[in-house]
> 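Once you've had a glance at the structure underneath, I'll fire off some questions.
Order of the sequence lines fixes the chain letters, A, B, ..., with proteins taken first and strands second; residue numbering starts at 1 for each chain.
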2 protein chains.
Amino acid sequence: MTAHRRAVLALIEEEPGRHWSAEEVAEALRARGVRIGVATVYRALAALEAEGRIASVQWHGRRRYESAAKAHHDHLVCIRCGRVEEFCDPAIEEKQEAAAYARGFRLLGHQLVLFGLCADCQEGDGV
Amino acid sequence: MTAHRRAVLALIEEEPGRHWSAEEVAEALRARGVRIGVATVYRALAALEAEGRIASVQWHGRRRYESAAKAHHDHLVCIRCGRVEEFCDPAIEEKQEAAAYARGFRLLGHQLVLFGLCADCQEGDGV
DNA sequence: CTATCTGCAAACGTTTTGCATAACA
DNA sequence: TGTTATGCAAAACGTTTGCAGATAG
């Protein structure tokens, strides 16, 4: 593993609650004086994900990366302010497995993102 | 509603099991002699979705549209052959609502797609 | 007649790729 | 040394937009 990839991984692991886009990773590293191009960031992210060190989710047309050190979870996104909460419901996971199994599929992964309005954003909303 | 939009809607309603990308809609209509540009297709799809006539899901970086006439359901996609199965588990829906509520969110929507290998594609796979 | 829709082509934002150079092991 | 990673810039990809002309109601 090269210095660049180590830097990308270290950055992502530094803020466990954050969901980084590739562009944000590049900017954050440059702000610390690392000279890195977007292509390298994308390649590093792909490699780290293949190694299972980071995980990715996609929403609003952009892929976001986070450390894979944390336990598996899904996401709840506020469509107004962009706030992201994580949640994990074993019953949902189990039912997904069952749904796949019932149709003869071997389940390999899933994407589950809930969209809504967070408590703060509901306020000014007439709700 | 114009002839073009009617044609887009009719096409999508014609094959209830199919999940159309914008490009596929354009091609299918052109194959039937309808002269239509992609921009018009995208605009028609957006309008039809806003009216609640069609629904969309996104996976593999592409948005796909289907008739909204069917009941709500989620998707199970074979990552090898692209086959799509639909499923609906009321328990999952309920747990999603609960997860959002527990965090103060008002749930407005969700994206749930399961990825795996269908029965046929598991065969040649050493499984 | 006015509002809306259309085609085209250009622009957009994100991601990938080609290639020559640089760093790794 | 040979293999792999990097920077840059260009291309690819799906999607959106500006605009002048066409169509709907």
> According to a strict under-4.0 Å criterion, is Tyr42(A) in side-chain N/O contact with OP1 or OP2 of dT16(C)?
no
> Roughly, in whole Å, what's the span from CZ in Arg6(A) to P in dT6(D)?
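One finds 10 Å between P of dT6(D) and CZ of Arg6(A), rounded.
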> Does dC8(C) have OP1 or OP2 under 4.0 Å away from a side-chain N or O of Arg35(B)?
yes
> Toward the 5' end of DNA chain D, which comes first, Ala47(A) or Gly61(B), by nearest nucleotide?
Ala47(A)
> Checking contacts here: which listed nucleotide (dG7(C), dG7(D), dT15(D)) is nearest the side-chain heavy atoms of Ile36(A)?
dG7(D)
> With side chains defined as the heavy atoms from C-beta onward, is the minimum distance between His75(A) and Arg64(A) less than 4.5 Å?
no
> For Gln58(A) and dT15(C), give me the distance from atom CD to atom C1', rounded to whole Å.
10 Å
> Between Val38(B) and Glu23(B), is any pair of side-chain heavy atoms under 4.5 Å apart?
yes
> Tell me whether the OP1 or OP2 atom of dA5(D) has a side-chain N or O from Arg5(A) closer than 4.0 Å.
yes
> DNA chain D: Ala39(B) or Val41(A), which has the more 5' nearest nucleotide?
Val41(A)
> How many whole angstroms separate atom NE2 of His60(B) from atom P of dT15(D)?
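For the pair His60(B) NE2 and dT15(D) P, the rounded distance is 14 Å.
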> Between Ala22(A) and Arg43(A), who's closer to the 5' end of DNA chain C by nearest nucleotide?
Ala22(A)
> Whole-Å distance between dT16(C) C1' and Glu23(A) CD?
14 Å
> Should Val57(B) and Glu66(B) count as side-chain neighbours, where that means a heavy-atom distance under 4.5 Å?
yes
> Please give, in whole Å, the distance from dC5(C) C1' to Leu45(B) CG?
15 Å
> So, does Thr2(B) get its side chain near the phosphate of dT6(C), meaning an N or O under 4.0 Å from OP1 or OP2?
yes
> Using a cut-off of less than 4.0 Å, is there contact between a side-chain N or O of His4(B) and OP1 or OP2 of dT23(D)?
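So the side chain of His4(B) is outside the cut-off, no N or O lying under 4.0 Å from OP1 or OP2 of dT23(D).
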> Quick one: do the Ser56(B) and Arg63(B) side chains pair a donor with an acceptor below 3.5 Å?
yes
> Could you pull out the closest heavy-atom pair between Arg62(B) and Ser21(B), with the gap in Å?
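Closest pair (atom of Arg62(B), atom of Ser21(B), distance): CD-CB, 3.5 Å.
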> Would you mind reading off the distance between Arg63(A) atom CZ and dG13(C) atom C1', rounded to a whole angstrom?
16 Å
